[in-house]
Enquirer: 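Dumping the structure here so I can ask a few things about it.
Below, all heavy atoms of this structure are taken into account, side chains as well, without hydrogens, waters or symmetry copies.
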Amino acid sequence: MFAAATMLLASCGGGGGRPSFGDNEFPVVTVGAQSTTMQTTYPAVIKGVQDVEIHPKVQGFITQVNVKEGQTVGAGQVLFVLDNVTYQAQVRQAQASVNTAEAACNTAKLSFENSQKLHENGVIGDFELQSATNQYEQAKASLSLAQASLASAKEMLSYCFVKSPAAGVVGSLPYKVGTLVSANNTLTTVSNISSMEVYFSMTEKDVLEMGKNAGGLSGAIKDMPAVQLKLADGTLYGLEGTVTKMSGVIDAATGSVQMIAVFQNPEKLLKSGGSGTIVIPHSNNDAIIIPQSCVSEVQDKLFVYLLGKDNKVKYTEIKVDPQNDGNNFIVTEGLKMGDKFVTNGITKLTDGMEIVPITPERYQQKIQEQNKAMSAGDIVGAMKK
């Protein structure tokens with residue numbers, strides 16, 4: 001076993017178990033175009049396509065709560081009932097006034113018709129006929145006024161039965177039976193969540209670039225790819241969404257433009273008022289992608305070592321897309337097709353240093369050989385002990 005270890009050391013060049021690895025040998029690759037899909041994310045707020053706040057139109061005590069939180073309701077369904085005894089009394093009073101006015105109107109009508117006949121027969125003059133006509137018109141006006149009062153009383157009574165103006169899902173119910181409420185109180189919210197609108201904001205710069213590339217903002221919206229929604233728990237929502245709207249006003253405080261993406265919600269998983277993150281993919285077929293491990297950062301600037309024709313390296317600044325996957329950078333400035341850069345060992349390099357370029361495969365092979373030799377050296381050292 002000792003003999004075998006000794007032979008292994010000899011084959012690796014000796015020297016304490018380290019292989020012959022030139023200090024100026026570094027792996028170099030040539031820049032080429034690659035296809036990639038990057039993602040841009042934006043904080044988002046989820047809302048139903050129709051969120052309706054329910055307010056009472058009259059003041060009163062809640063006597064009935066007919067729904068539960070999360071219940072699906074239809075348009076016109078009674079959600080709450082307010083104390084309506086006073087309003088019922090007003091309806092009865094108004095109805096009695098209508099009955100009285102109708103009787104008076106009928107009496108005035110009979111008098112008017114009788115005066116017409118008497119006038120035709122010359123029994124009474126024009127003054128008496130005109131007086132009967134005026135009394136009849138006054139009676140009809142009084143009847144109309146009473147009927148309007150009755151309609152108003154019935155409408156006020158109907159306000160005590162708070163109905164849903166739209167179909168949807170009931171939100172929270174902060175007020176219980178016995179609570180005095182008025183028009184200032186929001187009894188609940190009814191949300192149509194068959195599909196959801198997800199609101200997010202893009203920078204003015206991004207929006208302008210989109211418009212330039214698509215020949216206008218309307219075209220930019222049509223050209224936007226399907227987007228995804230990352231939920232609050234970090235999982236992706238199962239259905240993709242479509243960006244459908246863009247605000248026509250730039251928020252002066254933030255310099256951003258509000259966008260709206262629509263997601264179908266057949267399983268009612270998305271809830272109005274929830275939060276998430278919009279994920280927009282971006283495809284690039286001519287991207288320059290380099291590993292982050294070959295990039296050094298100095299004072300918020302990024303640098304790589306480019307290889308010149310004389311095999312000397314040049315410390316070169318690059319700029320990258322802020323969006324990355326944590327392993328690679330997409331270079332936007334500083335590199336072009338055909339450039340050669342060092343991929344490993346950059347901490348040993350200095351600007352203008354002459355190196356021997358080798359392939360990354362050969363570099364890895366030498367590393368493996370070195371590790372094996374070091375392991376063999378450890379075995380020999382242990383056996384000597």
Enquirer: Which atoms form the tightest heavy-atom contact between Gln59 and Ser182, and what is the distance?
Expert: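 Minimum heavy-atom contact is OE1-CB, 4.0 Å.
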Enquirer: Are the side chain of His55 and the backbone N or O of Asn185 linked by a donor-acceptor pair below 3.5 Å?
Expert: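 Side chain of His55 to backbone of Asn185, a donor-acceptor pair under 3.5 Å: yes, one is there.
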Enquirer: Kindly compute the distance separating CD (Glu354) from CG (Leu307), expressed to the nearest 0.5 Å.
Expert: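 So the gap between those two atoms works out to 10.0 Å.
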Enquirer: Is a side-chain donor-acceptor pair under 3.5 Å present for Ser256 with Asp251?
Expert: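 Checked: Asp251/Ser256 side chains show no N/O donor-acceptor pair below 3.5 Å.
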Enquirer: Once you round to the nearest 0.5 Å, how far does NZ of Lys47 lie from CG of Leu270?
Expert: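 Those atoms lie 15.0 Å apart.
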Enquirer: Under 4.5 Å between side-chain heavy atoms, counting indirect links through other Ile/Leu/Val/Met/Phe/Trp/Tyr residues: same cluster for Phe161 and Tyr159 or not?
Expert: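 Cluster IDs for Phe161 and Tyr159 match.
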Enquirer: Quick check: does any side chain N or O of Gln130 sit under 3.5 Å from a backbone N or O of Phe127, one acting as donor and the other as acceptor?
Expert: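 Flag not set: sc Gln130 to bb Phe127 has no pair under 3.5 Å.
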Enquirer: State, with a plain yes or no, whether a side-chain heavy atom of Cys294 is found less than 4.5 Å away from one of Asn344.
Expert: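 Contact flag for Cys294/Asn344 side chains = no.
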Enquirer: How many angstroms lie between OG1 in Thr359 and CD in Gln364, if you round to the nearest 0.5 Å?
Expert: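 Reported value, rounded in 0.5 Å steps: 9.5 Å.
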Enquirer: Are the side chains of Pro357 and Asn311 in contact, using a 4.5 Å heavy-atom criterion?
Expert: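 Asn311 vs Pro357: side chains touch.
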Enquirer: Which residue in the set Ile280, Thr277, Ile260 passes side chain to side chain contact (heavy atoms under 4.5 Å, CB included) when paired with Phe200?
Expert: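 Among Ile280, Thr277, Ile260, the one that satisfies the side chain to side chain contact (heavy atoms under 4.5 Å, CB included) with Phe200 is Ile280.
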Enquirer: If every non-hydrogen atom of Val181 is compared with every non-hydrogen atom of Pro56, which pair is closest and at what distance?
Expert: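 Result for this residue pair: CG2-CG, 4.1 Å.
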Enquirer: Does the Asn121 side chain pair with the main chain of Lys117, one donor and one acceptor, at a distance under 3.5 Å?
Expert: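 Judged by distance alone, yes, a pair lies under 3.5 Å.
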Enquirer: Do the side chain of Ser158 and the main chain of Glu155 share a donor and acceptor less than 3.5 angstrom apart?
Expert: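 A pair under 3.5 Å: yes.
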Enquirer: When clusters are formed by joining ILVMFWY residues with side-chain heavy atoms under 4.5 Å apart, either directly or through shared neighbours, do Ile54 and Val67 land in the same one?
Expert: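 Yes: a chain of side-chain contacts under 4.5 Å links Ile54 to Val67.
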Enquirer: Checking the side chain of Asn265 only, and the main-chain atoms of Ile193 only, is there a donor and an acceptor separated by less than 3.5 Å?
Expert: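 Yes, because the side chain of Asn265 sits within donor-acceptor range (under 3.5 Å) of the backbone of Ile193.
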Enquirer: Can you tell me if Thr188 uses its side chain to pair, donor with acceptor, with the backbone of Ser172 under 3.5 Å?
Expert: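 Yes.
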Enquirer: Starting from Met202, can I reach Val45 by hopping between I/L/V/M/F/W/Y residues whose side chains sit under 4.5 Å apart?
Expert: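 Val45 does not cluster with Met202.
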Enquirer: Which atoms form the tightest heavy-atom contact between Pro281 and Pro225, and what is the distance?
Expert: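 That would be O-CG, 3.5 Å.
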Enquirer: Hey, does Ile289 have a side-chain heavy atom less than 4.5 Å from the side chain of Val331?
Expert: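 No, too far: nothing below the 4.5 Å cut-off.
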Enquirer: Going by an N to O cut-off under 4.0 Å, is there a salt bridge joining Lys140 and Glu137?
Expert: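 Salt bridge: yes.
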Enquirer: Are Thr189 and Val52 side-chain neighbours, meaning at least one heavy-atom pair lies under 4.5 Å?
Expert: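 A side-chain contact is absent here, since even the closest heavy-atom pair is not under 4.5 Å.
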Enquirer: Describe, in one word, how the ring planes of Tyr305 and Tyr315 are oriented to each other, choosing from parallel (under 30°), tilted (30 to 60°) and perpendicular (over 60°).
Expert: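 Taking Tyr315 first and then Tyr305, their aromatic rings sit tilted (interplane angle of 30° to 60°).
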Enquirer: Run Val81 and Cys160 through side chain to side chain contact (heavy atoms under 4.5 Å, CB included) and show every step you take.
Expert: CA-CA 6 Å; Val81 178; Cys160 295; 5.5 Å; no
Enquirer: Identify the heavy atoms of Leu173 and Glu69 that sit nearest to each other, and give their distance.
Expert: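 Reported closest heavy-atom pair: N-OE2, 3.0 Å.
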Enquirer: Stepwise, does the side chain to side chain contact (heavy atoms under 4.5 Å, CB included) test hold for Leu349 with Phe26?
Expert: CA-CA 9 Å; Leu349 295 174; Phe26 292 88; 3.6 Å; yes
Enquirer: Is the side chain of Gln77 donor-acceptor paired with the backbone N or O of Gly74 at a distance under 3.5 Å, no angle test?
Expert: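 Yes; at least one donor-acceptor contact below 3.5 Å.
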Enquirer: Any side-chain heavy-atom pair from Met156 and Val58 closer than 4.5 angstrom?
Expert: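 Yes, side chains in contact.
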Enquirer: Which value, rounded to the nearest 0.5 Å, describes the distance between Thr133 atom OG1 and Gln138 atom CD?
Expert: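 If we round to the nearest 0.5 Å, Thr133:OG1 and Gln138:CD are 12.5 Å apart.
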Enquirer: Tell me whether Asn84 contacts the main-chain N or O of Leu82 through its side chain, where contact means a donor paired with an acceptor under 3.5 Å.
Expert: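 A pair under 3.5 Å: yes.
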Enquirer: Judged by atom type as modelled, is there a donor-acceptor pair below 3.5 Å linking the side chain of Lys312 to the main-chain atoms of Lys309?
Expert: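 Checked: no pair found.
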Enquirer: On a heavy-atom basis, which atom in Ala166 and which in Val190 lie closest, and how many Å separate them?
Expert: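 Closest pair (atom of Ala166, atom of Val190, distance): O-CG1, 3.6 Å.
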Enquirer: Verify the cluster assignment for Tyr363 and Ile290: are they in a single hydrophobic cluster under the rule of side-chain heavy atoms below 4.5 Å apart?
Expert: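 Different clusters.
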Enquirer: Any donor and acceptor pair, going by atom type alone, linking the side chain of Asn134 with main-chain N or O of Tyr136 inside 3.5 Å?
Expert: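 No.
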Enquirer: Decide yes or no for Asn114 and Phe112: does some side-chain heavy atom of the first lie under 4.5 Å from some side-chain heavy atom of the second?
Expert: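 With C-beta onward as the side chain, the pair stays apart.
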Enquirer: Run the side chain to side chain contact (heavy atoms under 4.5 Å, CB included) test on Asp321 and Phe329 for me, step by step, so that the C-alpha distance in whole Å, both residues' side-chain angles and the decisive distance to 0.1 Å come before the verdict.
Expert: CA-CA 7 Å; Asp321 191 307; Phe329 284 130; over 6 Å; no
Enquirer: Can you see which heavy atom on Gly241 is nearest to which on Phe263, and at what distance?
Expert: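 Smallest heavy-atom distance, with atoms named: N-CE2, 3.2 Å.
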Enquirer: Does Ile62 form a side chain to side chain contact (heavy atoms under 4.5 Å, CB included) with Lys176? I'd like the steps, not just the answer.
Expert: CA-CA 7 Å; Ile62 298 177; Lys176 309 304 179 183; over 6 Å; no
Enquirer: Tyr199 and Leu269: same hydrophobic cluster, using ILVMFWY side-chain contacts below 4.5 Å?
Expert: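 Hydrophobic grouping puts Tyr199 apart from Leu269.
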Enquirer: Among side-chain atoms of Arg362 and Gln365, is any donor-acceptor pair under 3.5 angstrom?
Expert: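 Yes, side-chain donor-acceptor contact under 3.5 Å.
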Enquirer: Is any NZ, NE, NH1 or NH2 atom of the basic residue among Lys245 and Glu197 found under 4.0 Å from an Asp or Glu carboxylate oxygen of the other?
Expert: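 Between Glu197 and Lys245 there is a salt bridge, with a charged N closer than 4.0 Å to a carboxylate O.
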Enquirer: Does the side chain of Val207 come within less than 4.5 Å of Met246's, by heavy atoms?
Expert: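 Yes, their side chains come closer than 4.5 Å.
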Enquirer: When you compare the side chain of Val262 with that of Val198, does any pair of heavy atoms fall below 4.5 Å?
Expert: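 Heavy-atom side-chain distance check fails, nothing below 4.5 Å.
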Enquirer: Kindly compute the distance separating OG (Ser111) from CD (Glu113), expressed to the nearest 0.5 Å.
Expert: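 Spacing of OG (Ser111) from CD (Glu113) equals 10.0 Å.
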